[in-house]
Amino acid sequence: MDWGLIFRSTGQAAIGPDACYYALAAAGLNVHIGYTGLLNFGQAAFGAAGAYGLAVAVVTYGVSFWAALFIGLLVSIVLALVLGFPTLRLRTDYLAIVTLAAAEIIRLVVRSVRYTATLGGTDGLQAFGDAFFRLNPFDGGSYTPLEFRPDQVWLLVCAWPLVVVVLLVTFLLMRSPWGRVVKAIREDEDAVRSLGKNTYWYKMQSLMLGGVFGALAGIVFAMSKQSVNPDDYGTRFTFTAVAVMILGGTARVVGPVVGSVIFIGVLQFLDVFLRQAIDAGLIPGWVPIDVNKVAIIRLIFVGATLVLLMIYRPQGILGDRREVAIRDR
Amino acid sequence: MTVDAPPSWATTIPHEPGVAKPDPILVVDGVNRRFGGLLAVDVGHLEVQRGAITALIGPNGAGKTTLFNLLTGFDNPDSGSWRFAERDLSGVPAHRVAHHGMVRTFQLTKSLALLTVMENMKLGATRQRGERFWGALLRPLWRGQEKEIEERADALLERFKLSHVRDEFAGALSGGQRKLLEMARALMVQPELVMLDEPMAGVNPALKQSLLSHVKQLRTEGMTVLFVEHDMDVVYDISDWVVVLAQGRVIAEGPPAAIGANPKVIDAYLGTHFAEGGGEALGELGPDERLEVDQVGLGEPLTPGGAADA
Ligand SMILES: Nc1ncnc2c1ncn2[C@@H]1O[C@H](COP(=O)(O)OP(=O)(O)O)[C@@H](O)[C@H]1O
Ligand SMILES: [Mg+2]
């Protein structure tokens with residue numbers, strides 16, 4: 001067993017691009033679900049909006065990378081308006097259904113043959129981030145004991161501060177009277193309306209804000225792969241982000257980062273650990289685990305852990321048990 | 001129980017449905033609301049006197065809550081209009097109604113469980129700069145206003161004897177304390193008219209006395225109160241005027257002393273009593289919220305009927 005490799009690999013994943021964009025996606029969901037009580041089950045759609053907004057603008061329409069970044073964010077805002085307009089007047093379960101369906105519709109449209117010329121179909125779109133990577137000041141040297149490629153280092157050096165900004169914005173908003181209104185809507189929308197707040201508009205603002213965070217997640221994801229593919233933005237994207245949010249602690253400012261680092265770290269740890277254990281012959285023959293099944297088995301493991309978490313620590317890692325108790329009254 | 005002498009206007013105007021008041025703050029005209037085949041609200045004309053405490057009573061299912069919902073923009077009537085403080089408020093959405101000085105509470109208390117008592121209070125203040133998205137990010141823009149709001153909230157909490165739970169989650173309060181909080185929070189809006197939907201339901205007798213004195217205090221401060229109540233003791237104690245609703249219509253109006261003797265009122269309560277029987281529709285209503293029609297002049301106490309009331 002190479003423990004050095006196991007820990008290096010775990011650490012690398014924990015601060016790598018996956019942890020970074022899932023933290024962003026979960027930060028968006030935290031605004032929606034955690035603070036406002038908007039059940040968005042289509043965060044993948046916002047991720048796709050950001051990623052495809054960027055990639056299509058650059059690849060198909062030849063827009064500059066920097067302008068295309070804003071187009072990506074703009075697309076997510078438009079998406080929030082389109083999804084929110086008909087649903088935010090209704091009970092929140094309608095939003096859940098609509099967002100879930102919208103994310104799948106968007107994925108299927110994007111991968112359809114008909115729009116291949118514009119959207120890239122199942123092959124996706126590539127080479128939209130060149131302008132960004134040209135600015136990469138890092139050469140092939142190794143900066144840490146971790147083995148990131150130079151372009152990954154460059155991306156991470158830009159993306160993690162972005163996460164900090166996103167959390168800072170969340171913090172500033174949620175300690176403000178705006179945050180108070182939004183949290184009150186989560187508790188009881190009618191009470192807030194009776195006190196003179198336009199709850200519909202607050203919910204729309206929240207949907208847009210969390211959607212923009214989701215778009216940033218999609219953009220970081222796309223940049224880390226240097227490719228966009230429709231199937232990257234399926235339900236797995238959304239539900240991983242939901243799991244990350246719950247793990248970290250719902251309605252906690254830094255919950256998404258804690259959740260993401262731990263979630264992705266544990267996933268990678270299990271992956272490498274199980275492979276090593278199998279190679280070293282530590283798994284007895286009657287246990288049905290082989291190298292080809294590791295990817296799936298670690299997910300089963302993580303799923304079971306989440307179930308246990310919900311039973312024994314429903315507030316997540318950073319949450320406050322008292323709040324759960326009050327909820328259950 | 002001491003009953004204050006009725007205000008002079010209440011004794012001089014006729015005691016009949018739809019009667020004009022000398023100084024109405026709220027004037028309702030021809031408001032109808034139908035749920036399928038049921039005409040839940042059918043108010044021809046109703047005026048609410050400014051600066052007075054008006055009780056809205058009526059058997060369960062009479063349409064009291066629905067009328068509240070209509071007047072405050074939480075529901076839309078099939079027809080009709082109403083003016084509040086000389087402004088036409090028909091069709092105005094719920095969130096704008098509060099800005100016109102009209103605020104309501106709910107029959108089922110709506111405390112915001114995971115906000116502290118203080119946060120609940122501060123939410124009630126209107127026109128907060130920090131409630132705008134971009135303004136919220138810059139604390140210096142709203143810090144001063146927030147402090148003023150907090151002082152006002154603290155004064156109200158003091159008055160409602162909630163100061164000691166100021167920083168508790170509202171969800172941790174007792175039912176009665178939540179009723180107090182909901183009323184105090186409504187006052188943060190600085191309304192002209194406070195509409196209370198069964199403010200005493202589920203409140204223990206000690207707290208009830210304190211709630212009663214708070215309601216009277218509102219009148220002293222020049223506010224108008226319209227409240228729904230089942231307990232006739234309470235109605236006698238604090239109201240200047242009583243409006244009786246039955247099957248959506250105003251069937252009687254008058255000062256409390258005149259209402260109990262009105263045969264239409266007795267009929268209305270008896271009708272629902274025999275039609276629907278007893279049975280509590282709401283877990284929140286304790287036995288002491290039962291309507292005691294003894295005071296209305298009948299032999300036996302009645303319970304509110306079993307109609308859905310949420
Ligand atoms: N949303 C609704 N849909 C259908 N019927 C309703 C609705 N709200 C109230 N009702 C009916 O309208 C009538 C009046 O109800 P409500 O205003 O709650 O009475 P009250 O508050 O006087 O007890 C009742 O018969 C009730 O069942
Ligand atoms: Mg009612």
Side-chain angles (χ1 to χ4, degrees), chain A residues 31 34-37 77 80 88-89 165-166 168-210 212 250-252 315 319-329, chain B residues 68-69 72-74 93-106 108-116 118-139 141-143 145-146 149 168-173 182 185-186 188-191 195:
Chain A
V31 170
Y35 287 106
T36 322
I77 290 174
L88 289 181
R89 281 186 210 283
V165 170
V166 159
L168 189 67
V169 167
T170 309
F171 168 76
L172 290 176
L173 282 173
M174 293 312 163
R175 69 160 186 186
S176 78
W178 187 90
R180 188 159 64 216
V181 174
V182 153
K183 284 180 260 182
I185 289 172
R186 175 191 69 199
E187 300 300 309
D188 192 316
E189 185 176 349
D190 279 348
V192 185
R193 283 208 291 160
S194 76
L195 297 171
K197 324 292 175 193
N198 186 352
T199 54
Y200 179 71
W201 180 236
Y202 279 97
K203 289 197 287 183
M204 191 66 98
Q205 288 179 329
S206 166
L207 194 63
M208 289 192 274
L209 178 70
V212 166
T250 320
R252 286 289 171 277
Q315 71 271 37
D320 181 346
R321 182 106 215 191
R322 280 198 315 155
E323 295 186 8
V324 179
I326 282 174
R327 240 291 165 266
D328 290 346
R329 266 162 67 118
Chain B
F68 266 34
N69 287 344
T72 52
F74 279 85
H95 67 91
R96 296 253 306 281
V97 167
H99 290 274
H100 285 99
M102 184 160 145
V103 65
R104 59 90 55 96
T105 64
F106 295 86
L108 296 172
T109 321
K110 294 188 182 297
S111 63
L112 306 159
L114 286 189
L115 266 59
T116 65
M118 181 43 95
E119 285 173 325
N120 264 270
M121 293 296 286
K122 289 200 260 189
L123 185 73
T126 47
R127 292 174 221 292
Q128 297 187 43
R129 286 189 285 276
E131 287 183 351
R132 302 218 189 95
F133 184 86
W134 296 109
L137 291 167
L138 299 168
R139 194 182 204 171
L141 283 184
W142 48 264
R143 198 198 311 240
Q145 192 187 28
E146 179 88 349
I149 291 169
E168 303 280 332
F169 284 129
L173 302 186
E182 198 184 10
R185 188 178 65 196
M188 285 298 290
V189 177
Q190 299 181 304
M195 298 170 63

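Every value quoted in this text rests on a predicted model; they were computed, and no experiment measured them. Numbered from 1 within each chain, the chains take letters A, B, ... in sequence-line order.
Between the side chain of A:K183 and the backbone N or O of B:L112, no donor-acceptor pair lies under 3.5 Å.
Of the listed residues B:R139, B:R96, B:Q145, B:R143, the one with more heavy-atom pairs under 4.5 angstrom with chain A than any other is B:R139. No other option in B:E119, B:K122, B:E182, B:M188 has as many heavy-atom pairs under 4.5 Å with chain A as B:K122. Annotation: maximal heavy-atom pairing with chain A below 4.5 Å, among B:T126, B:L115, B:V189, occurs at B:L115.
Remark: A:T250 engages no residue in a side chain to side chain donor-acceptor pair (under 3.5 Å) (not counting sequence neighbours).
Residue A:V182 does not touch chain B at all, counting heavy-atom pairs closer than 4.5 Å. At a 4.5 Å heavy-atom cutoff, the contact between A:L209 and chain B is made by side-chain atoms alone. When heavy atoms are compared at a cutoff of 4.5 Å, B:R132 approaches chain A solely by way of its backbone atoms N, CA, C and O. Residue contact with chain A, scored on non-hydrogen atoms closer than 4.5 Å, involves the backbone and the side chain of B:F133 alike.
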Sequence neighbours excluded and cut-off under 3.5 Å, please list the side-chain donor-acceptor pairs for residues 170-180 of chain A, or say none.
from	atom 1	to	atom 2	distance (Å)
A:T170	OG1	A:V166	O	2.7
A:S176	OG	A:L173	O	2.6
A:S176	OG	A:W178	N	3.1
A:S176	OG	A:G179	N	3.3
A:W178	NE1	A:Q205	OE1	2.8
A:R180	NH1	B:E146	OE2	2.8
A:R180	NH2	B:Q128	OE1	2.8
A:R180	NH2	B:E146	OE1	3.2

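The minimum heavy-atom distance linking B:R185 with A:A191 is given by the pair NH2-CB, 3.9 Å. The two atoms that bring A:S194 and B:A98 nearest to each other are O-CB, 3.5 Å, heavy atoms only. The minimum heavy-atom distance between B:A186 and A:L195, with the atom names listed, is CA-CD2, 4.3 Å. Minimum interatomic distance between A:R322 and B:F169 (heavy atoms only, all atoms of both residues): NH2-CE1, 3.6 Å.
Taken to the nearest 0.5 Å, the CG atom of B:L108 stands 11.0 Å off from the CG atom of A:D190.
Taking 4.5 Å as the limit, every side-chain heavy atom of B:H95 sits out of range of all side-chain heavy atoms of A:Y200.
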